[in-house]
Amino acid sequence: MSSYPKTIFLLFIVSLILVSCNCNKEKDNSFAEVELETIQNRKPKNIILLIGDGMGLSQVSASQFYNDKPSNFERFPVIGLSKTSSSSDVITDSAAGATAFASGIKTYNGAIGVTSDTLAVGTIVEQISVNGIRTGLVSTSSITHATPASFYAHVKSRRMHDEIAGFLVDSEIDFFAGGGLKYFNERKDEKDLTLGLVENGFVLSTENFPKILSDKKQAILLSKDAMPKMQEGRGDFLPNATQLALEYLSKNEEGFFLMVEGSQIDWGGHDMDADYLISELIDFDNTLGVALDFAKQNGETLVIVTADHETGGFTLASDERGDYNNIKPVFSTDGHSATMVPVFAYGLGSEFFSGIYENTAIYHKMLSLFQDN
Ligand code: MG
Ligand code: ZN
């Protein structure tokens, strides 16, 4: 055979393979919109990490049964599972759990941004901000609480709220919203750190969201300590603060990293209070909608949703009579559990989040997606 017909034949075979691949993708894949982007192997410019503190699979399942709106969890095409143990304990706390996401290391329960030898460890916020990437944190707890603190502070104990607030003033964070004002202006050392925030270029809001955002850094502290419960009238703080953060951060050419925490899903579990837990979970679900709508419209954003651990040993069991048509949520503990937690991903790079892996892998995946740009 001369080389000309051979080439034609090869081209014919290759196009047959390509056509059949496309057919299969379209047939099998109900999330074509996302998958088509990822097969181009493009990396995200922006990452939104949403942490439902204490949110195991039963908590996520509650969004099916207790929300009158369609669940935003069902919009994610890629699902994985994260193993949550810390270096000190089979059952982690939120400090070690968040340090795993922020710094990619296993450390002891209670540690904020430090190794098991209490040495400071670099965070993703510190590592990416040198490349001009903007960073933001939104939380329904105090902004100095374990989960957000692990992204900017380095202290040996999560209880050191005053010290943690000091780290935030001097950190690379460009936008934050949550509670915890008293750790800035009612401190043991009687310093007023709200002055330090302004000195370091923040616009500080303590009453309401700022209406018009300048290009200045934003500090939003709307409560002395934790934000109120949903049941006590928190309203749409979490979705609205997330929306505001996205508007501010996305003005940046170099991209952004935003961490959003539904902090009080965990507290509903500790209280063994299903109504508390579910109201916080639905608020978090609504917030996922804000992040996903942004990512869909933006096209250069990866959205990751996970938990640091499960809380409450929460189960959607049947009622006392064993009626399988009647769910009665129950708790097996007022603490955390060792069960794996789900990871949901949407957008560019989402394909790297399927499978079962350690919580520390979430940091390594995020950092390599930022670095490969
Ligand atoms: Mg937390
Ligand atoms: Zn907890």
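Whatever order the structure lists them in is the order used to number ligands and atoms, beginning at 1.
Residue contact annotation: Thr147 places an N/O/S atom under 2.8 Å from the Mg ion (ligand 1). At least one N, O or S atom of Glu261 sits under 2.8 Å from the Mg ion (ligand 1). Taking backbone and side chain together, Asp53 holds an N, O or S atom under 2.8 Å from the Mg ion (ligand 1).
For the pair Lys296 and Tyr346, the cation does not sit on the ring face, since its NZ or CZ is not both under 6.0 Å from the ring centre and inside 45° of the axis. Because its NZ or CZ atom is not both nearer than 6.0 Å to the ring centre of Phe352 and within 45° of the ring axis, Lys365 does not count as a cation-pi partner of that residue. Cation-pi contact between Lys229 and Tyr276: present, with separation from the ring centre below 6.0 Å and deviation from the ring axis of at most 45°.
Counting only protein atoms, the N, O or S atoms lying less than 2.8 Å from the Zn ion (ligand 2) are Asp266 OD1, Asp266 OD2, His270 NE2, His336 NE2, ordered by chain and residue number.
Asp266 and Thr311 are linked by a side-chain donor-acceptor pair at a separation below 3.5 angstrom, with hydrogens and angles left out of the test. A donor-acceptor contact closer than 3.5 angstrom is absent between the side chains of Glu172 and Ser129. Neither side chain, Asp174 nor Tyr248, offers a donor N or O lying under 3.5 Å from an acceptor on the other.
Residues Arg75 and Asp285 are not paired through a salt bridge, judged by the lack of any N-O separation under 4.0 Å between the basic side chain and the carboxylate.
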